[in-house]
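Have a look at this one.
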Amino acid sequence: MHLDGSDRTGEGGARWRSVPFTHPATIDTVVMDPELKSKVKSDLENFLKSKQYYHRLGRVWKRSYLLHGASGTGKSSFAAALAKFLGYDIYDVDLSRVASSSDLKALLLQTTARSVIVVEDLDRFLEKKSTDVSLSGVLSFMDGIVSCCGEERVMVFTMNDKDRVDQAVTRPGRIDVHVHFPLCDFSAFKGLASNYLGLKEHKLFPQVEESFQAGATLSPAHIGEIMIANRSSPTRALKTVISALQSSSEGRGVPSKGGATLTGSRSGRAREEAAEPASVFCRESVHTVREFGKLYGLLKLGSRRRDNSMDMSSGEKDGSKHEAQS
């Protein structure tokens, strides 16, 4: 594996520093949809034997992947597994250490054939609108002329949310394959249980499935850590996962099958109050409330006076009648 070992000035000779790559992930151990995994493996195998085909098309023999999804869903592990599957070196490009767009091109030119070039969290970098590396510099790195100075390369970019970046970054031709990494569902959970705990079935599986069906979800990394911490007791591990799923649902107010919220047993009025937006106060509203209070006081005072006058009139009438009768 190769890391950028220079400072941010971009000066000096060789930029890449080689370090041992011992990541144990493989395509088989990565938890993802089996059909999707099969398609990705097939695409990689086709790439390995397609040199003549690419040349006949007049295209550079390289491939680019976008791995996108929430944090903890396995994107980095998959990038490592992909490199191991191909038998290629990995070059880890840290854009925060790159001094300029020209410096980024220089980094690319110092990579070798049969390599996987990884750029993680590209969406976050682009959102910062760096003044060091421009968007055009990133696009040129991805598929410009310089990117064609070398073959048998695979570029891997990771993002949390691809919809937040300019569509020019993810257009067809610049990114060949999009792979989505979702949060864990019950199918992925069973894969984790098999890998981490050696379980194919368990009496608590239906309860876990029910939690997922109710809308609860966690990242594979979160569930994996729970299983590692409780690997000596699969039952305890599953109970902890169920508890974590329930906590996740309560935090997001996910409704259960019966339609009741999982935020506790409160009265209908309390739920209505909780659903109401928080009050917002400004000087104008406070002033309005005060004026309304004054007006209400005047109205109330006027009402009392009218009541008193009516009582007095009634008393006078009764007195007149009494005198007349006398």
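As a basis for the values below, the full set of heavy atoms in this structure was taken, side chains included, without hydrogen atoms, waters or symmetry mates.
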Practice problem: Any chance you could measure Leu44, atom CG, to Arg63, atom CZ, to the nearest 0.5 Å? | Solution: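 CZ of Arg63 is found 9.0 Å from CG of Leu44.
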Self-check item: Lys62 atom NZ, over 12 foreign heavy atoms within 6.0 Å
Solution: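 Correct, the count exceeds 12.
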Quiz item: Are any non-hydrogen side-chain atoms of Phe125 and Val138 less than 4.5 angstrom apart?
Solution: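 SC-SC contact between Phe125 and Val138 confirmed.
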Practice problem: Over all heavy atoms of both residues, which pair between Leu104 and Gly137 is shortest? Give the atoms and the distance, please. | Solution: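 In this case the closest contact between Leu104 and Gly137 is CD2-O, 4.0 Å.
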Practice problem: Using distance alone, with no hydrogens and no angle criterion, decide if Ser136 and Ser134 have a side-chain donor and acceptor under 3.5 Å apart. | Solution: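 A pair is found: one side chain offers a donor N or O, the other an acceptor, under 3.5 Å apart.
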Exercise. Report yes or no: does Asp123 contribute a side-chain atom to a donor-acceptor pair with the main-chain N or O of Asp161 at less than 3.5 Å?
Key: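 Side chain of Asp123 to backbone of Asp161, a donor-acceptor pair under 3.5 Å: yes, one is there.
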Quiz item: Within a radius of less than 6.0 Å around NZ of Lys37, do more than 12 heavy atoms belonging to other residues, nucleotides or ligands occur?
Solution: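 Yes.
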Self-check item: Residue pair Ser187 / Asp33, side-chain heavy-atom distance below 4.5 Å
Solution: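 Of all side-chain heavy-atom pairs linking Asp33 with Ser187, none is under 4.5 Å.
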Quiz item: Taking side chain as C-beta onward, heavy atoms only, is Met32 less than 4.5 Å from Val179?
Solution: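 Yes - at least one pair of side-chain heavy atoms lies under 4.5 Å apart.
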Practice problem: Start with the C-alpha gap between Leu122 and Leu95, add the side-chain angles, then the distance that decides, and say whether side-chain contact (heavy atoms from CB on, under 4.5 Å) holds. | Solution: CA-CA 8 Å; Leu122 180 57; Leu95 291 175; 3.7 Å; yes
Exercise. Classify the angle between the aromatic ring planes of Phe212 and Phe189 as parallel (below 30°), tilted (30 to 60°) or perpendicular (above 60°).
Key: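 Rings of Phe212 and Phe189: tilted, 30 to 60°.
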Quiz item: Does some side-chain heavy atom of Ser100 sit less than 4.5 Å from a side-chain heavy atom of Asp103?
Solution: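 Yes. Closest side-chain heavy atoms under 4.5 Å.
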Exercise. With side-chain contact (heavy atoms from CB on, under 4.5 Å) as the test, would you mind laying out the steps for Asp143 and Ser64 before giving the verdict?
Key: CA-CA 9 Å; Asp143 72 340; Ser64 58; over 6 Å; no
Exercise. Apply side-chain contact (heavy atoms from CB on, under 4.5 Å) to Thr235 and Leu204, showing your working.
Key: CA-CA 8 Å; Thr235 298; Leu204 290 176; 4.1 Å; yes
Quiz item: How long is the gap from CZ on Phe78 to OG1 on Thr29, to the nearest 0.5 Å?
Solution: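 So the CZ of Phe78 and the OG1 of Thr29 are separated by 10.5 Å.
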Quiz item: If every non-hydrogen atom of Leu108 is compared with every non-hydrogen atom of Ile117, which pair is closest and at what distance?
Solution: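 For Leu108 versus Ile117, the nearest heavy atoms are CD1-CD1, 3.5 Å.
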Self-check item: Over 12 non-hydrogen atoms of neighbours within 6.0 angstrom of CZ in Arg164
Solution: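 For Arg164, atom CZ is crowded (more than 12 foreign heavy atoms under 6.0 Å).
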Exercise. Check whether the side chains of Thr73 and His180 place a donor and an acceptor atom closer than 3.5 Å, and report yes or no.
Key: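 His180 and Thr73 do not have a side-chain donor-acceptor pair below 3.5 Å.
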Quiz item: Have Tyr91 and Gln110 got a donor and an acceptor in their side chains that come within less than 3.5 Å?
Solution: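 On atom types as modelled, these side chains do not qualify, holding no pair under 3.5 Å.
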Quiz item: Taking atom CD of Glu45 and atom CG of Leu86, what is their separation to the nearest 0.5 Å?
Solution: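 Glu45 atom CD to Leu86 atom CG measures 9.5 Å (nearest 0.5 Å).
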Quiz item: Looking at Cys184 and Ile223, what are the two nearest heavy atoms and their distance?
Solution: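 Scanning both residues, the minimum pair turns out to be SG-CD1, 3.7 Å.
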Exercise. Would you please classify the geometry between the Phe205 ring and the His202 ring as parallel, tilted or perpendicular, with 30° and 60° separating the classes?
Key: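 Plane angle between 30° and 60°, so tilted.
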Quiz prompt | Asp43 side chain to Lys39 backbone, donor-acceptor under 3.5 Å | solution =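 No; judged by distance alone, with no hydrogens or angles, the pair does not exist.
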Quiz item: So, for Ile226 and Ala237, which heavy atoms are closest and what is the spacing to 0.1 Å?
Solution: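 Taking every non-hydrogen atom into account, CG2-O, 3.8 Å.
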Quiz item: Quick one: are Glu152 and Tyr88 in side-chain contact, heavy atoms under 4.5 Å?
Solution: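 They are in contact (side-chain heavy atoms under 4.5 Å apart), so the answer is yes.
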Exercise. To the nearest 0.5 angstrom, please state how far the CG atom of Leu197 sits from the OG atom of Ser232.
Key: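 Rounded to the nearest 0.5 Å, the CG-OG separation comes out at 10.0 Å.
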Quiz prompt | Heavy-atom side-chain proximity of Met159 to Val169 below 4.5 angstrom | solution =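 The answer is yes, as the side chains (C-beta and beyond) meet within the 4.5 Å cut-off.
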Quiz item: Does Ser211 reach the main-chain N or O of Gln207 with its side chain, forming a donor-acceptor pair under 3.5 Å?
Solution: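 Here the side-chain-to-backbone pair exists.
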Practice problem: Measure the OG1-CD distance between Thr158 and Glu120 for me, rounded to the nearest 0.5 Å. | Solution: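 Rounded to the nearest 0.5 Å, the OG1-CD separation comes out at 4.5 Å.
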Quiz item: Rounded to the nearest 0.5 Å, how far does CD of Glu127 lie from CG of Asp121?
Solution: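 Between Asp121 CG and Glu127 CD, I get 10.5 Å after rounding to 0.5 Å.
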Practice problem: Without swapping roles, check the side chain of Asp185 against the backbone of Ala188 for a donor-acceptor pair under 3.5 Å. | Solution: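 At least one qualifying donor-acceptor pair exists.
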Quiz item: Counting only heavy atoms not in Ile145, do more than 12 sit closer than 6.0 Å to its CD1 atom?
Solution: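 It does not: Ile145 CD1 has 12 such atoms or fewer within range.
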Practice problem: Let me see the working for Tyr53 and Trp61 under ring-ring contact (aromatic ring centres under 6.0 Å, His included), right down to the final yes or no. | Solution: CA-CA 9 Å; Tyr53 177 72; Trp61 187 25; over 10 Å; no
Quiz prompt | Any donor-acceptor pair under 3.5 Å from Thr240 side chain to Arg236 backbone | solution =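 Side chain of Thr240 to backbone of Arg236: a pair is present.
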Quiz item: Shortest non-hydrogen contact from Ser248 to Leu218?
Solution: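 It is CB-CD2, 3.9 Å.
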Quiz prompt | Exam field: side chain Lys162 to backbone Leu67, donor-acceptor pair closer than 3.5 Å | solution =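 Not confirmed, Lys162 side chain does not pair with Leu67 backbone.
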Practice problem: Could you tell me whether the side chain of Met155 reaches within less than 4.5 Å of the side chain of Ile175, counting heavy atoms only? | Solution: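 Heavy-atom side-chain distance check fails, nothing below 4.5 Å.
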Quiz item: How far apart are the C-alpha atoms of Asp28 and Lys84, what are their side-chain angles, what is the distance that settles it, and do they pass the salt bridge (Lys or Arg N to Asp or Glu O under 4.0 Å) test?
Solution: CA-CA 11 Å; Asp28 293 330; Lys84 183 173 290 188; over 6 Å; no
Self-check item: Intermediate values then yes/no, side-chain contact (heavy atoms from CB on, under 4.5 Å), Leu238 and Leu199
Solution: CA-CA 10 Å; Leu238 295 184; Leu199 296 177; 4.1 Å; yes
Quiz item: Which heavy atom of Glu151 sits nearest a heavy atom of Arg59, and at what distance?
Solution: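 Looking at all heavy atoms of both residues, the closest pair is OE2-O, 4.4 Å.
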Quiz item: Can you check whether Leu135 reaches Leu126 side chain to side chain, under 4.5 Å on heavy atoms?
Solution: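 Of all side-chain heavy-atom pairs linking Leu126 with Leu135, at least one is under 4.5 Å.
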